[in-house]
Amino acid sequence: MNEKYDFEAIEQKWQQRWAERDQFRAAENPARPKYYVLEMLPYPSGALHIGHVRNYSLGDSVARLRRMQGFNVLHPIGWDAFGLPAENAAIKRGVLPEKWTLDNIVRMRTQCKRMGWSYDWAREVATCLPDYYRWNQWFFIQFFKKGLAYKRKGLVNWCEKCQTVLANEQVVNGACWRDGSQVIQQELEQWYWRITNYAQELLDDLSKLENWPEKVLTMQTNWIGRSEGARVSFQIADSDRSFDIFTTRVDTIHGATFVVLAPEHDLVKSWVNDPQYGPALTEFVDQMRRQDRLLRTSEEAEKKGVFTGQYAINPYTRERIPIWVANFVLMEYGTGAIMAVPAHDQRDFEFATRYNIPIRQVIQPSDGSAVDISKGAFVEYGTLINSDRFSGLTSEAALEKMVEYAQSQGFGEKTVSFRLKDWGISRQRYWGTPIPIIYCDKCGTVPVPEKDLPVVLPKIDRILLGGSPLATIADFVAVTCPNCGKPARRETDTMDTFVDSSWYFYRYTSPRVDSAPIDNQAVQYWFPVDIYIGGVEHAILHLIYMRFFSKAMRDIGLCALDEPVAALFTQGMVIKEGAKMSKSLGNVVEPDEIVREYGADALRLFIQFAAPPEGDLDWNEQGLEGCFRFLARLWRLAYRWIPRLEGVDQQADATADRRERALRRKIHQTIPKVGHDVERLHQNTAIAAIMELLNAAYEAEDQGGVRPAVMREALETMTLLLHPFAPHFAEEMWELLGHRETLWNTTWPQDDPELAREETIEIVIQINGKPRSRFLAPPDVSNEETEALALKDEKVKAALEGKKLIKVIVIPRRLVNVVVG
RNA sequence: GCGAAAGUGGCGGAACUGGCAGACGCGAUAGACUUAGGAUCUAUUGGGGAAACCCGUGGGGGUUCGAGUCCCCCCUUUCGCACCA
C-alpha cells in the first residue's frame, strides 16, 4: 500500500476494471426488485460542466446505494443530440452539425467515464442517430393516424435569431427560452400535436405525482391553466354573422357596455376596408403585429384600442354595444373575444375610462354595503342588480342559472378553457428529425409508410442557411407518392428536439430493439422511473411534454403507463461568488481541471457535501480541498492499520473495552444514518456523518486500547459507506482490506441497534426552561427516577431555595424542566 | 401586484414529529513535529463578561413549562406567474 493517496492511479485502475468487467450492465431479473435511476440527458455542447457533475454525481450515489441495498439498478445515459447549437456552431466554425455533435459526444463520454459514474454504457442512446429518430417518425405517424398530429395555419412564435418557430412552452416572458431574444408572431402553417386532448388528464394526474416537488406541480397547474366559464354567442348588429366570447363571469353580463376582439381576430380582417373606421383599424392592427409581445402583454402596458364601427347584440339584453379591438385581448386565449364589463373587471374599467365608455354596475356586495364604481371595478362576487330576471341572485347562483338560460336559448353553453395550447412541433432547421410526411397533389397529405422509415436526414457537405434547409435539397424533397406513385414532395421541416427527450427514457429499457420503439416487457419491468433528477428549468417544458407523450403512447396501445416518473428531484445550480457561472463572467469551473488536481472522488464528494442538493451551491475551492483532505486522512489511517489487520476478522470477539465500545457505537449509529440520508437525497449530512466516524476513529486511535478487529470494522464500514460518493477510493480500500468482490456487488452494511445503543445518556436539567445542569443516567431510566435525580441536583436545590416547586416536566431520556416560582 | 420557498457564527451549512442552537467542513488562533511548511497532528473557535451569568436563529408580537421549529404582522432575498377574460 502506497503511503500517499494517489488518486490518479486509483481512479484509472478502477475505471479500467469496471469497463473490463462491464460491471454496470443491467438486465431484467424478476427475482430482484428493480430500481430505475434517471438523470436528465445532457445536450452534447462540447464538455461537461459543473452542473452536470452535480446532477450525475447525485444520481450515481443513489444508484450505488440502491445496488448495495439489493436492488437491480438501471442507470442509463444518453445524448440529446439534435438541436440548434450544433447548427449554430457549424455556422460559426464551419464544422458540420453531425461531426460537431459526434465529436462532442466522444469527448463527453470520456469525461463521464473519468467521473466514474455507474452507467450501463450498452444502453447509451444518441437521439441524432437514425436508429433512434426513426421512432420519432414512427410516433408521428401513429399520432397522425390517431388524429393527435395535425397541420394548420395560424399564429406562431417566431424566433428571429434561431430562424425557427417555437412552441408556447419555449417562449419565456415573450422571449426565446434558449437565447433570450425577442419572439414575434407570424402566420405559418405548422404541425401540431394535440396535447390539449390531454389537458384535463395532465391536470388531474398531477395528484398522482406525490413525490414530485410542489413547485413543479404548481407550475404545471398554472401552465395548463384550467378555467371554468361560459361561451356566449354575440350577433353582429345588422348582419347575420356572430362571434363567441369566453367569460368566467356571465353573472356580470348585463353590465357589458362593449365587446373587445383581439387584433388578430378573423372578423377584424373583414372590417379593415370600412371607409370610415378601416384606416385607423388597419393601422392599429399593424402596430400590434409589430409590437414586442412582452411589452404588449405586460401588465404595465397601457390599454389601447380602436372602435371598429360595428356593434354587437348582447343576447341577454338585446342591447347594441360597440365592438372594439384592443391590445389587451389575446387571440390565443379563450375565443380571442371578450365581453367588457367595466364595473366589474379592472382591465375593462381602465379601458372604458380612457375611451369614455359607460360603466354600469350590476353586482353589489351581498352584505348591502356600497361600492364606488367610479374609482375602480368591483370584482368580487356579490348580488346581482339591474340584471332583469336574474336580479337578486348571488353571483354563484347566477353563474349556474344564466348558463342554463343561454343553453336553453341556444346562444351559449358552459365551457372550460385551458391556457395550454397544442404543441407546435415543426422547426425550420436542418439538425433534427425529418417529419415523415409526403405532399401529393392528388392524394394530399400522406404519411410515409412505416416500412420506409426512417426518413434519413440527408448528409450535407456545407452549411445550409435560412428557411427550411431541407427544402433546398432537391433529392430529398423529390419523392413519389406512396399512394398513387406520382411525383410528390416531402415535408421539409424537422421536429422540435423536445420530441426526442419525451421518450428517451423508455428507449433505455430496450435500446436495441429494431421492430418497435420499445419492448413492452422491458418497460413493464423497469417502469416507472423511481427517481428522476434534473434542473427545475424543465418544469413546464420537457416535464410536461414527456407526461403527454406517455399518455399518448398508452393510447396508441404501446404500453400502459399513465405517469412514467414516480419521483422527481430538482437540484439547484452551481454558482460562484453568488453569480451564475458563465463564460462572459469568466467564472466557469472546468471539471476536467478539478479532476486533474484533486481527482474525481474528491470532486464528487465535495459537490454533494457543500450544500443540500435542492439549493444552489456556491463553488469554493477551499471546501473542495477539505474533502480531499478527508479522503487523504482516511487513507493514512488505513495505511497505519492495514499491516496489522491481516487475518483479523472484524467480528473477532465481543469487545469489553469502553473505548472500543464507543467506537463501535459510533459505527453502528452511522450506518443507518447514511443510508437514510441518501434515500432522502441528503448527501451532505450523510457525508458529514462519515466524517464524524473518521474523527471518532482517530480519537479512538489516539486514546489507544483499540484492537485491530475493531479498527477493521471501522475501516470497512467507512469504506462501504463511502462507496456511493467516492467509489474509486472505496473500491481500492476494499481491496486493500482483503476483499476480492467489487463493492458494486457487496451488500450495504447491517447496523446492530444493540451496539448502537448508548450506555449512558446525558439528561439536561432546565430551570424555568433554561439549561442549567445535566446528569448521566442509564438509558432505561424511568421518568420517576429521572425526576428524582434532577431534584437532587445542586443547581435545582439552589433554585428551589425559598421558592415553590410549581411543576416538573420530564422528556424521557432527554430533559427535565423544573419550573419554580 | 399574486403565489411559493428561504433568511441560523467570519463563510458553506446542521438541528426527525416543539426539548442542550451551531453537527460536519472551510477559515482563524495557539501549540507539537520540523531546516522549512501552504503537509500532518493536538487544542480552541457565536457574542459579551474576571466570574456567577447574560444575550443570541431577519424584525415585532403571541401560544407553550419550553420556540430556529407552531400562529399573527412586518422586512429582505430568490424563484415562479403576471392584462388568461
Atom-to-atom span, CG of A:Leu543 to C1' of B:G80 - whole angstrom: 15 Å

For residues 685-696 of chain A, which side-chain N or O atoms pair as donor and acceptor with protein atoms under 3.5 Å away, sequence neighbours left out?
from: A:Thr685; atom 1: OG1; to: A:Asp677; atom 2: OD2; distance (Å): 2.8
from: A:Thr685; atom 1: OG1; to: A:His682; atom 2: O; distance (Å): 3.1
from: A:Glu692; atom 1: OE1; to: A:Lys666; atom 2: NZ; distance (Å): 2.9
from: A:Asn695; atom 1: OD1; to: A:Arg633; atom 2: NH2; distance (Å): 2.7

Minimum side-chain heavy-atom gap A:Val589-A:Ile594 below 4.5 Å: yes

Interatomic distance, A:Leu617 CG vs B:A6 P [rounded to whole Å]: 18 Å

Heavy-atom side-chain proximity of A:Thr415 to A:Phe246 below 4.5 angstrom: yes

Ring-ring centroid check A:Phe606 A:Phe628, cutoff 6.0 Å: no

C1' atoms of B:G10 and B:U45, separation to the nearest Å: 11 Å

Can I get a per-line list of side-chain donor-acceptor pairs under 3.5 Å for residues 251-260 of chain A, giving both atom names and the distance, sequence neighbours left out?
from: A:Asp251; atom 1: OD1; to: A:Arg249; atom 2: NE; distance (Å): 2.9
from: A:Asp251; atom 1: OD2; to: A:Arg249; atom 2: NE; distance (Å): 3.3
from: A:Asp251; atom 1: OD2; to: A:Arg249; atom 2: NH2; distance (Å): 3.0
from: A:Asp251; atom 1: OD2; to: A:Ser395; atom 2: OG; distance (Å): 2.9
from: A:Thr252; atom 1: OG1; to: A:Arg249; atom 2: O; distance (Å): 2.8
from: A:Thr257; atom 1: OG1; to: A:Pro358; atom 2: O; distance (Å): 2.8

Sugar-phosphate, base or nothing in reach of A:Glu762, heavy atoms under 4.0 Å: base

Separation between the P atoms of B:G1 and B:G9, rounded to whole Å: 28 Å

Rounded interatomic separation in angstrom, taking CZ from A:Arg814 and P from B:G18: 12 Å

Integer angstrom distance from the C1' of B:U34 to that of B:U42: 16 Å

Partner residues of A:Phe609 under the ring pair (Phe, Tyr, Trp, His ring centres under 6.0 Å) criterion, sequence neighbours left out: none

Between B:A39 and B:A50 - P atom distance, rounded Å: 34 Å

N or O in side chain of A:Arg419 less than 4.0 angstrom from B:A82 OP1/OP2: yes

Residues which pass side-chain hydrogen bond (donor to acceptor under 3.5 Å, both in side chains) with A:Arg640, listed by chain and number, not counting sequence neighbours: A:Tyr698, A:Glu701

Distance in angstrom units between A:Leu261 CG and B:C83 P, rounded: 19 Å

Anti versus syn assignment for B:G38, with syn defined as within 90° of 0: anti

Non-hydrogen side-chain atoms of A:Asn168 and A:Trp223 separated by less than 4.5 Å: yes

Rounded distance (Å) that lies between atom P of B:G1 and atom CD of A:Glu350: 15 Å

Touch class at under 4.0 angstrom, heavy-atom based, for A:Val329 against every strand present: base

Aromatic ring pairing A:His344/A:Phe378, orientation class (parallel under 30°, perpendicular over 60°, tilted between): perpendicular

P gap between B:U8 and B:C73, integer Å: 22 Å

A:Lys421: partners by side-chain hydrogen bond (donor to acceptor under 3.5 Å, both in side chains), with sequence neighbours left out: none

Touch class at under 4.0 angstrom, heavy-atom based, for A:Asn817 against every strand present: base

Ionic contact status for A:Glu3 with A:Arg636, cut-off 4.0 Å: no

A:Trp223 vs A:Ile338, nearer the 5' end of RNA chain B by closest nucleotide: A:Trp223

Spacing between A:Asn768 atom CG and B:G66 atom P, to the nearest angstrom: 8 Å

Residues that A:Tyr355 engages under ring pair (Phe, Tyr, Trp, His ring centres under 6.0 Å), provided they are two or more places apart: A:Trp324, A:Phe351

Geometric class of the A:Phe243/A:Phe234 ring pair [parallel <30°, tilted 30-60°, perpendicular >60°]: parallel

Nearest-nucleotide comparison on RNA chain B, the residue closer to the 5′ end among A:Met331 and A:Ala632: A:Ala632

Are any protein N/O atoms closer than 3.5 Å to N/O atoms in nucleotides 23-32 of chain B? If there are, list each pair with its distance.
from: B:A23; atom 1: O2'; to: A:Glu692; atom 2: OE2; distance (Å): 2.9
from: B:G25; atom 1: OP1; to: A:Asn695; atom 2: ND2; distance (Å): 3.2
from: B:C26; atom 1: OP1; to: A:Arg629; atom 2: NE; distance (Å): 3.2
from: B:C26; atom 1: OP1; to: A:Arg629; atom 2: NH2; distance (Å): 2.8
from: B:G27; atom 1: OP2; to: A:Arg629; atom 2: NH2; distance (Å): 3.2

Secondary-structure notation, RNA chain B, from Watson-Crick and G-U pairs under 3.5 angstrom (| other strand): (((((((..(((......[....)))((((((.......))))))(((....)))..(((((..]....))))))))))))....

Gap between atoms CE and P, on A:Met288 and B:C83 respectively (whole Å): 14 Å

B:G31 to B:C24 separation - C1' atoms, rounded to the nearest Å: 24 Å

Interatomic distance at C1', B:G46 relative to B:G68, whole Å: 14 Å

Between P of B:A85 and CD1 of A:Ile253, the distance in whole Å: 15 Å

Residues forming a salt bridge (Lys or Arg N to Asp or Glu O under 4.0 Å) with A:Arg226, sequence neighbours excluded: A:Glu228

C1' spacing across the pair B:G49 / B:A43, given as an integer number of angstrom: 23 Å

Sugar-phosphate only, base, or nothing, as touched by A:Phe630 at under 4.0 Å among non-hydrogen atoms: nothing

Qualifying side chain to side chain donor-acceptor pair (under 3.5 Å) pairs with a residue from residues 610-622 of chain A, counting only residues at least two apart or across chains: A:Tyr598-A:Glu621

Those residues of residues 803-813 of chain A lying under 4.0 Å from RNA chain B by at least one heavy atom: A:Lys807, A:Ile809, A:Ile811

Cationic N near anionic O, under 4.0 Å, A:Arg347 to A:Asp345: yes

Residue A:Tyr698, side-chain atoms from C-beta onward, closest of B:C41, B:A85, B:C16: B:C41

Could you list all N or O pairs between the protein and nucleotides 43-53 of chain B that sit under 3.5 Å apart?
none

Distance-only donor-acceptor test, A:Lys215 side-chain atoms vs B:C79 base atoms, 3.5 Å: no

Side-chain N or O of A:Ser227 closer than 4.0 Å to phosphate OP1/OP2 of B:A85: yes

Sugar-phosphate only, base, or nothing, as touched by A:Asn327 at under 4.0 Å among non-hydrogen atoms: base

